[in-house]
There are 2 protein chains.
Amino acid sequence: MNRPSSPRASRRKAGTRTIRDVAALAGVSSITVSRYFNTPEKVSEAVRERLREIIDRIGYVPSQVAGGLASGRGRVVCAIMQNIASATFADLVKGMTDELQASGLQLLLANACYSQSLEEDAIRAFLGWHPSALILTRDDHTPAAEAMLAALNIPVVEAWGYVEDRPYHQVGFPHAEAGTELTRHFLDQGARRVRFVLPYAEEDFRATQRAQGYARAMAAAGLVSDVRRADVSDDYEVGAREIDAVRAAPRDTRPQAIVFTNDYMAAGAILHASDCGMDLPADCAIAGFGGAGVSARLKPALTTLRPGRYQIGQQAARTVLQLLAADPATEPSASRTLVPCELLVRESSRIVRP
Amino acid sequence: MNRPSSPRASRRKAGTRTIRDVAALAGVSSITVSRYFNTPEKVSEAVRERLREIIDRIGYVPSQVAGGLASGRGRVVCAIMQNIASATFADLVKGMTDELQASGLQLLLANACYSQSLEEDAIRAFLGWHPSALILTRDDHTPAAEAMLAALNIPVVEAWGYVEDRPYHQVGFPHAEAGTELTRHFLDQGARRVRFVLPYAEEDFRATQRAQGYARAMAAAGLVSDVRRADVSDDYEVGAREIDAVRAAPRDTRPQAIVFTNDYMAAGAILHASDCGMDLPADCAIAGFGGAGVSARLKPALTTLRPGRYQIGQQAARTVLQLLAADPATEPSASRTLVPCELLVRESSRIVRP
DNA sequence: TTGTACGCGTTATCAG
DNA sequence: CTGATAACGCGTACAA
């Protein structure tokens with residue numbers, strides 16, 4: 001009963017070396033090899049030397065999986081993006097990987113496609129990996145997601161936005177204020193009819209937040225908001241159509257300036273304007289958002305508000321690293337790190353008085 | 001000796017639920033819960049129902065870490081990009097995650113920054129995760145990396161390129177032929193002086209491959225290659241300077257057409273040309289590579305060769321899934337999947353006979 | 001269909 | 001500084 005006929009075959013996969021193989025070769029116990037990796041200062045110089053040579057020779061790499069299970073803390077940071085393919089999130093990812101790779105942490109990535117529900121699914125899937133930290137890119141979650149986050153008991157960073165009264169760490173900038181800043185740039189020049197153009201898809205809630213900042217700035221100046229929602233998905237085409245709309249309107253009701261949700265729409269406007277004989281910025285001033293590379297090359301060069309996308313990713317990762325390094329006892333209240341945008345003022349946004 | 005004074009405290013982290021907690025609640029053994037997740041058809045309908053309810057209620061998520069260790073095969077696919085922040089690799093990543101997330105596989109990402117040595121480091125780091133497959137984005141590796149790949153004994157896919165005589169699966173397109181195709185596009189129109197412009201950084205070896213394809217096409221037509229290497233890193237500026245260089249040259253030695261390594265350089269050229277009174281494509285025809293969104297909006301609209309970036313990522317993931325699903329016994333020889341580029345012929349590349 | 005026993009490769013704990 | 005032992009949470013093999 002206590003001894004089956006055969007002593008049960010090993011389940012080892014061929015070619016897999018373990019900490020014990022290394023230990024045997026070095027004539028030490030396996031725990032010493034473990035210490036060699038985790039707390040080398042507790043291993044004598046002589047043994048360390050011997051182990052280094054053996055590990056190099058047989059190309060041994062410790063199993064993160066086994067280590068994670070045994071220690072309870074996997075060296076994993078999970079991040080959920082809203083649209084991995086976009087330049088915005090690609091830069092965020094680069095900032096995070098650059099910082100995490102250096103610390104030996106592995107980044108696990110998921111794509112939520114701007115959906116709360118997909119974000120919830122991703123969080124749930126990540127639970128199984130026992131992450132040491134979680135980086136999100138929105139601050140409104142489903143109740144189920146909030147519950148999981150609260151129960152997780154690991155550092156959670158909400159990157160990209162910058163919001164008050166959240167229980168988690170914030171790294172980013174206030175999007176509403178970004179809209180306000182661009183609007184004020186025009187108001188300060190004396191413009192009174194300023195339009196804001198939203199993209200076709202409602203999914204990007206950040207764009208909506210910027211529109212709210214625009215509306216606040218207009219209201220504060222005693223002006224009427226003029227928000228238009230695009231009717232095509234191609235950003236360049238949106239810009240082109242806006243130019244056509246402006247041309248079709250009587251001069252005295254035309255917007256003097258347009259703030260576009262992103263630089264691609266603004267670029268579409270500028271490229272189309274030069275095509276149909278419209279004189280920018282005299283006929284209509286333009287500003288974008290994002291700091292796209294092409295913005296400086298357009299004629300007129302595009303004024304844009306450039307967020308520190310890479311820096312936000314980097315800072316989010318740094319925040320995680322600090323929290324992991326800190327004494328878990330010192331409960332740090334949710335921090336907020338502002339990574340400001342840079343307003344690049346160029347020719348396109350100059351208000352020309354008639 | 002065999003019984004320490006205290007029966008050794010549990011190392012369980014507070015709040016962590018295990019398969020056994022679920023089993024206890026359901027009044028079954030833990031293996032039944034395991035089967036519920038892995039082979040539900042082997043669990044009776046009644047038990048399944050009960051488990052479903054309990055798992056939902058307590059929010060249990062199986063540990064991927066423990067499961068991976070026990071089964072020997074983690075549900076992990078590792079991918080190494082060359083520049084995560086670029087649109088190219090961002091699209092690849094999206095294609096891969098879209099496909100893998102649906103299959104419950106987790107993507108582990110690393111960034112090699114176009115460095116063979118960093119790629120080797122990333123492969124080594126990935127070894128510790130016992131990946132079920134590996135996706136690379138180059139086909140020349142360090143000897144150490146090749147050795148690890150050979151020893152790994154898991155599916156390896158080299159994405160983005162399309163090369164013969166590699167021991168691994170290929171998904172992509174031949175970059176040299178991309179250069180050839182763009183060059184022929186001009187030669188077929190009767191052009192004889194065609195220039196190829198490489199970026200400043202030598203790191204992107206794919207650009208060099210496209211240049212080789214250009215050189216072959218020129219040689220095949222009995223023409224002399226005219227490859228220029230950019231002297232600034234800003235792609236738009238490169239394009240602008242090329243236009244200046246063309247204008248400075250006598251008309252009868254000017255290139256009739258330029259193939260740019262990427263669309264941003266080409267866009268820089270077009271934007272600058274309209275600025276300094278150069279008439280494109282009459283004065284010089286232009287083609288780019290990449291299928292950037294802005295290309296269609298330029299004046300003249302830019303001819304470009306658009307690779308199926310998303311599709312390549314997707315197909316690389318599909319290849320991985322197929323190989324994982326296939327009988328491991330059937331050793332499939334390295335497959336090659338061509339994801340062709342699309343030549344978008346627009347106004348910028350029309351050769352105008354004087 | 002369900003259960004028992006044990007191992008996966010590593011680390012925490014305690015002992016020397 | 002080094003080692004023996006047990007645990008981490010789950011899946012495989014085998015038995016019922």
Side-chain angles (χ1 to χ4, degrees), chain A residues 1-24 26-51 60-75 127-130, chain B residues 1-24 26-51 60-75 127-130:
Chain A
M1 172 191 188
N2 56 347
R3 275 286 147 261
S5 48
S6 63
R8 194 153 301 212
S10 163
R11 270 150 55 184
R12 279 274 289 287
K13 279 202 301 192
T16 311
R17 304 200 159 286
T18 79
I19 208 174
R20 272 191 281 267
D21 299 327
V22 178
V28 297
S29 83
S30 53
I31 187 65
T32 302
V33 181
S34 172
R35 289 196 181 106
Y36 170 82
F37 285 107
N38 299 305
T39 51
E41 70 278 7
K42 291 188 176 176
V43 177
S44 70
E45 178 60 37
V47 174
R48 235 183 307 175
E49 200 55 49
R50 196 143 31 105
L51 285 175
Y60 167 76
V61 178
S63 164
Q64 301 289 335
V65 180
L69 178 59
S71 67
R73 44 184 156 62
R75 299 191 60 69
L127 286 182
W129 289 100
H130 305 297
Chain B
M1 173 188 189
N2 54 349
R3 273 290 148 261
S5 46
S6 61
R8 195 151 302 206
S10 162
R11 268 151 56 184
R12 280 274 288 287
K13 278 202 301 191
T16 311
R17 307 199 158 285
T18 80
I19 207 174
R20 270 190 284 267
D21 300 326
V22 177
V28 297
S29 83
S30 53
I31 187 63
T32 302
V33 181
S34 171
R35 289 195 180 106
Y36 170 82
F37 285 108
N38 300 305
T39 51
E41 70 277 6
K42 292 190 176 175
V43 177
S44 70
E45 178 60 37
V47 174
R48 235 184 306 176
E49 200 55 49
R50 194 143 33 104
L51 286 175
Y60 169 76
V61 178
S63 165
Q64 300 290 332
V65 181
L69 179 59
S71 67
R73 45 186 154 63
R75 299 192 60 69
L127 286 183
W129 288 101
H130 304 297

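Here B:Val33 lies out of heavy-atom contact (under 4.0 Å) with every strand. B:Val65 comes within contact range of no nucleotide atom at all, as no heavy-atom separation falls under 4.0 Å. Within 4.0 Å (heavy atoms only), B:Ile19 reaches sugar-phosphate atoms of the nucleic acid but no base atom. The residue A:Glu41 sits close only to the backbone: its heavy atoms come under 4.0 Å of sugar-phosphate atoms, none of a base.
The distance from atom OH of B:Tyr36 to atom C1' of C:dT1 is 17 Å, rounded to the nearest whole Å. Nucleotide C:dT1 holds its C1' atom 13 Å from the CG atom of B:Leu51, rounded to whole Å. Taking atom CD of B:Glu45 as the reference point, atom P of C:dT1 lies 11 Å away to the nearest angstrom. If you take CG of A:Leu127 and P of D:dG9, they are 15 Å apart, rounded to a whole angstrom. For the pair A:Arg17 CZ and C:dC8 C1', the interatomic distance rounds to 17 Å; values are reported in whole Å. Taking atom CD1 on A:Ile31 and atom P on C:dT13, their separation rounds to 11 Å, with Å as the unit. Following rounding to the nearest Å, B:Gln64 (CD) and D:dC10 (P) show an atom-to-atom distance of 10 Å. Rounding to whole angstrom units, CG of residue A:Asn38 and P of D:dC1 are separated by 16 Å.
For the pair B:Ser63 and D:dC8, the criterion of a side-chain N or O lying under 4.0 Å from OP1 or OP2 is not met. Taking only side-chain nitrogens and oxygens, B:Tyr60 comes nearer than 4.0 Å to OP1 or OP2 of D:dC10. B:Thr32 has no side-chain polar atom (N or O) that falls below the 4.0 Å cut-off from OP1 or OP2 of C:dT1. Under 4.0 angstrom from either OP1 or OP2 of D:dT12 there lies at least one side-chain N or O belonging to B:Arg73.
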Expected list for residues 29-41 of chain B: side-chain donor-acceptor pairs under 3.5 angstrom, two or more places apart:
residue, atom, partner, partner atom, Å
B:Ser34, OG, B:Asn38, ND2, 3.3
B:Asn38, ND2, B:Ser34, O, 3.0

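Comparing B:Ser44 and A:Ser34 against DNA chain C, the residue whose closest nucleotide sits nearer the 5' end is B:Ser44. Residue order along DNA chain D, read from the 5' end via each residue's closest nucleotide, puts A:Ser29 first among A:Ser29 and A:Arg20.
In the helix from C:dT1-D:dA16 to C:dG16-D:dC1, the rotation axis of the first five pairs and that of the last five pairs differ in direction by 20°, rounded to 10 degrees.
Rounding to the nearest 0.5 angstrom, the gap separating the CZ atom in B:Arg73 from the CZ atom in B:Arg75 is 8.5 Å. If you take CZ on A:Arg50 and OG on A:Ser44, they are separated by 7.5 Å, rounding to the nearest 0.5 Å. Rounding to the nearest 0.5 angstrom, the gap separating the CD atom in B:Gln64 from the CG atom in B:Leu69 is 13.0 Å.
Donor-acceptor pairing under 3.5 Å, judged by distance alone, is present between the side chain of B:Arg35 and the base of C:dG3.
The backbone N or O of A:Tyr60 sits nowhere less than 3.5 Å from a side-chain atom of A:Arg17 that would complete a donor-acceptor pair.
Side-chain atoms of B:Ala70 lie closest to C:dC8 of the nucleotides C:dT2, C:dA12, C:dC8. Among D:dA13, C:dG9, D:dC10, the nucleotide with an atom closest to any side-chain atom of B:Leu69 is C:dG9. With D:dG9, C:dC14, D:dT12 as the candidates, the nucleotide lying closest to the side chain of B:Thr18 is D:dG9.
Taking all atoms of both residues into account, the shortest heavy-atom contact from A:Thr18 to A:Asp21 is N-OD2, 2.8 Å. Closest approach of A:His130 and B:Val65 over heavy atoms only: CD2-CG2, 3.8 Å.
For B:Arg20, the salt bridge (charged side-chain N to carboxylate O under 4.0 Å, His left out) criterion is met by no residue, not counting sequence neighbours.
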